[in-house]
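To keep things clear, I will list the structure first and then write my remarks on it.
We number each residue from 1, following the sequence as shown.
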Amino acid sequence: MITICFTYFRSLTLANLAASLYSVRRQDLSQVREIVLVDNNTDDQIEAVQDVVDRLEFPVPVLVQSVKHGDPTRTHSWSTNLAIRQATASWIFMTRADYLLDFDVVKRFTEAVAQGDSFVTSNGCHLGEGIAECERSDWRQHGPRFSGITFDYTSIDSGVWMAKKEVIDAVGGLNEGLTLWGHAQTEFQHRLHASGVRFVRIPEVLFWHPAHGGEKDLELANMQLALAGIDLRECWARYHGTSPYA
């Protein structure tokens with residue numbers, strides 16, 4: 001069974017939340033036990049978030065946890081770990097409110113892990129347009145099929161992935177000391193890979209990232225990695241070719 005862990009955070013809007021959750025609702029949820037949704041310190045009231053969830057009439061329980069902590073150090077790592085800790089299924093499918101998912105992505109990831117312990121992701125696509133432009137298209141009927149910049153997400157920090165909960169717990173989840181948007185996911189994936197977890201990439205584009213107002217200061221993120229004693233070059237050593245952050 002699978003728990004879908006879903007994070008919603010500042011720089012996104014209720015429109016992002018509604019669109020991304022719609023793409024979750026269109027999945028095959030027959031193997032999904034629950035959805036854990038963490039609202040990480042947004043300006044939205046829990047009633048507004050719950051209303052978006054209720055309107056979609058999910059056939060599985062959706063646990064909404066709205067945390068208004070006001071702590072700028074509780075970012076991506078913190079909210080991801082919080083969602084994973086609350087999961088009760090043996091597999092975690094991780095996504096965020098800034099992604100639109102192919103309607104078959106959960107099914108495809110589930111098929112990919114059927115042969116053993118794996119970390120599964122696919123190609124993703126960064127878009128120039130924001131959620132307002134996306135919503136003016138017919139993607140809700142036919143699935144997101146936008147053009148943009150496509151990346152191999154086994155080689156950079158993916159926000160959409162699937163892994164066994166016990167292997168995530170074994171490496172300690174994401175490093176909550178890496179608070180800046182940048183390399184927390186990269187460093188987490190490196191520890192999973194170093195522990196012997198098999199990585200699998202589905203080559204098709206299966207998720208899209210609309211533009212939004214979030215900032216990603218890679219210089220500060222690299223400084224934070226250095227202060228933590230983490231060498232980004234070591235994280236990239238498992239890959240062939242030049243890293244996207246070279």
Side-chain angles (χ1 to χ4, degrees), residues 2-71 74-89 92-107 109 124-127 129-146 158-162 181 206-214:
I2 302 162
T3 296
I4 295 178
C5 291
F6 184 101
T7 57
Y8 174 48
F9 46 88
R10 301 180 74 85
S11 83
L12 302 178
T13 66
L14 288 172
N16 290 103
L17 177 67
S20 186
L21 280 178
Y22 177 84
S23 71
V24 174
R25 180 66 180 86
R26 292 293 299 269
Q27 304 299 315
D28 175 2
L29 300 176
S30 61
Q31 300 298 312
V32 174
R33 176 178 294 171
E34 68 212 352
I35 298 169
V36 176
L37 191 163
V38 173
D39 166 11
N40 184 13
N41 199 41
T42 69
D43 292 330
D44 301 308
Q45 298 299 313
I46 188 172
E47 293 82 6
V49 174
Q50 188 67 56
D51 181 61
V52 171
V53 173
D54 292 345
R55 281 188 272 120
L56 288 166
E57 299 181 336
F58 281 96
V60 297
V62 181
L63 172 62
V64 177
Q65 183 159 357
S66 181
V67 188
K68 309 301 184 184
H69 48 70
D71 184 345
R74 293 184 178 183
T75 54
H76 169 56
S77 299
W78 180 86
S79 57
T80 298
N81 287 342
L82 177 60
I84 292 170
R85 284 197 299 270
Q86 296 179 76
T88 65
I92 302 296
F93 179 93
M94 188 74 216
T95 188
R96 308 190 310 236
D98 55 338
Y99 283 107
L100 303 177
L101 306 177
D102 182 277
F103 296 160
D104 287 332
V105 66
V106 171
K107 180 175 181 289
F109 279 24
C125 184
H126 290 306
L127 307 179
E129 61 261 42
I131 195 63
E133 291 81 8
C134 293
E135 290 288 66
R136 283 194 283 269
S137 74
D138 61 354
W139 79 269
R140 286 179 177 248
Q141 287 69 47
H142 304 291
R145 291 292 183 276
F146 302 106
S158 172
V160 180
W161 48 266
M162 187 170 175
W181 286 97
L206 293 180
F207 48 91
W208 289 259
H209 183 260
H212 60 86

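The closest donor-acceptor contact from the side chain of Gln65 to the backbone of Val36 lies at 3.5 Å or more, if one exists at all. Side chain of Thr3 to backbone of Ala89: a donor-acceptor contact under 3.5 angstrom is found. Using modelled atom types, one side-chain atom of Asn40 and one backbone atom of Arg74 make a donor-acceptor pair closer than 3.5 Å.
Heavy-atom contacts from other residues, nucleotides or ligands closer than 6.0 Å to CD of Gln31 number 12 or fewer.
For the residue pair Ile4 and Leu29, the shortest heavy atom distance occurs at CD1-CD2, 3.9 Å. Heavy-atom minimum distance, Phe58 versus Leu21: CZ-O, 3.6 Å. Heavy-atom minimum distance, Arg33 versus Thr88: NH1-O, 2.7 Å. The two residues Ser20 and Phe6 come nearest to each other via the heavy atoms OG-CE1, 3.4 Å. Closest approach of Leu101 to Ser23, counting heavy atoms only: N-OG, 3.1 Å. Here the closest non-hydrogen pair linking Leu14 and Tyr8 is N-OH, 3.2 Å.
Note: Trp139 and Tyr22 meet the aromatic proximity criterion, with ring centroids under 6.0 Å apart.
When each of Asp44, Leu37, Asp98 is tested with Leu17 by the rule side chain to side chain contact (heavy atoms under 4.5 Å, CB included), just one qualifies, namely Leu37.
For Lys68 and Asp43, the salt-bridge test fails: no basic side-chain N is under 4.0 Å from an acidic carboxylate O. Here Arg25 does not pair with Glu57 in a salt bridge; the nearest charged N to carboxylate O distance is not below 4.0 Å.
Legend: residues meeting ring-ring contact (aromatic ring centres under 6.0 Å, His included) with Phe103, ordered by chain and number and at least two apart, are absent.
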